[in-house]
Amino acid sequence: MSYNLLKGKKGIIFGALDENSIAWKTAVRVHEEGGTFVLTNAPVAMRMGQIDELAKITGSQIIPADATSEEDLQNLVTQSMEILGGKIDFVLHSIGMSINVRKGNHYTNQNYAWTQKGTDVSAMSFHKVMQTLYKADAMNEWGSIVALTYMASQRVFPDYNDMADNKAYLESVARSFGYFFGRDKKVRVNTISQSPTPTTAGSGVKGFDGFIAYADKMSPLGNATAMDCANYTVTLFSDLTKRVTLQNLYNDGGFSNMGVSDAVMEIFVDNQ
Ligand SMILES: NC(=O)c1ccc[n+]([C@@H]2O[C@H](COP(=O)([O-])OP(=O)(O)OC[C@H]3O[C@@H](n4cnc5c(N)ncnc54)[C@H](O)[C@@H]3O)[C@@H](O)[C@H]2O)c1
């Protein structure tokens with residue numbers, strides 16, 4: 001169902017790789033709600049993914065940008081304003097990558113060159129995106145910037161590896177930069193902490209199937225889907241959430257406030 005919540009709003013959406021991507025679903029929902037946007041992803045993802053198809057569905061243009069490159073980001077912001085015909089109202093940062101996770105390096109056996117690369121891509125890129133927008137004065141007042149995170153930033157999930165540290169960094173950047181963006185430009189900055197979701201990035205985590213099933217059993221409402229996340233993001237881009245900022249917002253079916261659920265207890269209770 002569409003409510004026209006984003007009519008007339010213009011944005012940039014990072015991170016749509018294929019139709020499972022959270023950013024893909026968000027682009028579809030933002031389009032349905034009347035928003036227009038530029039799609040962007042790393043140049044390598046242009047070859048691997050299906051972003052062209054998404055651009056067709058949503059009537060969007062694509063500008064490749066490596067989110068770790070300040071030059072690429074400056075070009076992206078300048079070109080987006082030209083294409084969209086003015087300043088930006090919303091930005092989705094939906095980017096994550098750990099080489100240690102991908103190559104199966106345990107948290108206690110990091111390759112630090114990979115760790116640094118993962119931090120640059122997954123966390124520092126959020127600072128770079130915001131600094132580029134801020135310096136170019138590219139955001140409209142009452143605009144909204146959202147990044148995606150996972151609760152391993154706050155609690156221990158052993159197999160989430162160095163991505164846990166990257167997400168803690170990302171959430172801190174949202175607060176720190178969000179202060180200046182709010183004070184100086186009236187722009188809000190939030191992170192959404194999403195349930196485990198079957199996507200390319202998500203499925204890379206060791207034991208993901210167990211992980212997702214456990215979270216589902218622990219959550220009174222069950223895991224939030226990628227589409228649930230897209231819908232939540234639409235509300236954060238809309239004028240209905242104008243003074244929500246510096247927050248880490250859980251979209252996780254209640255998981256983050258649970259201790260244990262009946263469904264999980266059942267596995268351990270001796271029924272004889
Ligand atoms: N899937 C989950 O379980 C889950 C849960 C909570 C949060 N998240 C977060 O959601 C976000 C989106 O991930 P997803 O699950 O949709 O997976 P995904 O693999 O579809 O998206 C990750 C995206 O990051 C992009 N990317 C990687 N390196 C880049 C770079 N240098 N420059 C620009 N883009 C780059 C990839 O091309 C890809 O499009 C990530 O921040 C992820 O950590 C995912």
Side-chain angles (χ1 to χ4, degrees), residues 12-28 39-51 54 62-73 76 91-99 101-102 114 116-126 128-129 132 146-154 157 159-171 173-174 191-216 219 223-230 232-233 248-253 255-256:
I12 301 175
I13 296 182
F14 288 80
L17 182 66
D18 56 36
E19 62 179 0
N20 297 319
S21 299
I22 297 169
W24 183 292
K25 305 277 195 245
T26 308
V28 168
L39 292 167
T40 182
N41 209 324
V44 62
M46 302 289 151
R47 296 192 292 277
M48 286 163 50
Q50 301 133 30
I51 197 168
L54 180 63
I62 304 167
I63 302 175
D66 177 345
T68 65
S69 157
E70 289 176 71
E71 199 187 329
D72 281 11
L73 291 172
L76 169 69
V91 175
L92 176 67
H93 177 286
S94 185
I95 299 171
M97 191 278 304
S98 157
I99 310 177
V101 167
R102 215 196 286 154
W114 294 350
Q116 264 178 344
K117 181 70 188 161
T119 304
D120 199 14
V121 170
S122 308
M124 204 183 298
S125 66
F126 192 38
K128 289 179 182 173
V129 167
T132 306
V146 170
L148 296 180
T149 186
Y150 181 59
M151 96 102 70
S153 56
Q154 321 259 343
F157 290 82
D159 289 328
Y160 206 65
N161 210 317
D162 55 336
M163 277 306 289
D165 304 328
N166 295 335
K167 291 305 192 191
Y169 184 161
L170 177 92
E171 290 170 22
V173 165
T191 48
I192 296 178
S193 190
Q194 165 70 7
S195 293
T197 313
T199 63
T200 303
S203 313
V205 177
K206 192 172 149 222
F208 187 73
D209 290 348
F211 205 53
I212 199 167
Y214 171 72
D216 198 48
S219 312
N223 285 336
T225 64
M227 190 51 90
D228 292 328
C229 189
Y232 194 19
T233 304
N248 182 39
L249 301 160
Y250 289 99
N251 185 51
D252 65 355
F255 179 87
S256 45

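In each ligand, atom 1 is the first atom listed, and ligand 1 is the first ligand listed.
At a heavy-atom cutoff of 4.0 Å, ligand 1 is contacted by no atom of V44, backbone or side chain.
The two residues T40 and P64 make their nearest non-hydrogen contact at OG1-C, 3.9 Å.
Residue contact check for ligand 1: S195 places a non-hydrogen atom closer than 4.0 Å to it. Judged by the shortest distance from any of its heavy atoms, K167 lies inside the 4.0 Å radius around the atoms of ligand 1. Residue contacts with ligand 1: A65 is included, with a non-hydrogen atom under 4.0 Å away.
Classification of D228 and K25 as a salt-bridged pair fails, no side-chain N sitting under 4.0 Å from a carboxylate O.
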Before you tell me yes or no, could you show the steps for F211 and Y150 under ring-ring contact (aromatic ring centres under 6.0 Å, His included), namely the whole-Å CA-CA distance, both residues' side-chain angles and the distance that decides it to 0.1 Å? CA-CA 13 Å; F211 205 53; Y150 181 59; 5.8 Å; yes
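With ligand atoms numbered from 1 in the order given, ligand 1 contributes 5 (C), 6 (C) to contacts under 4.0 Å with heavy atoms of Q194.
Remark: ligand 1 and N20 share no N or O pair separated by less than 3.5 Å (distance only, no angle test). Residue A23 places no N or O, backbone or side chain, under 3.5 Å from any N or O of ligand 1.
Between Q154 and Y250, some side-chain heavy-atom pair lies under the 4.5 Å cut-off. Residues V91 and F14 are in side-chain contact: their nearest non-hydrogen atoms beyond the backbone lie under 4.5 Å apart.
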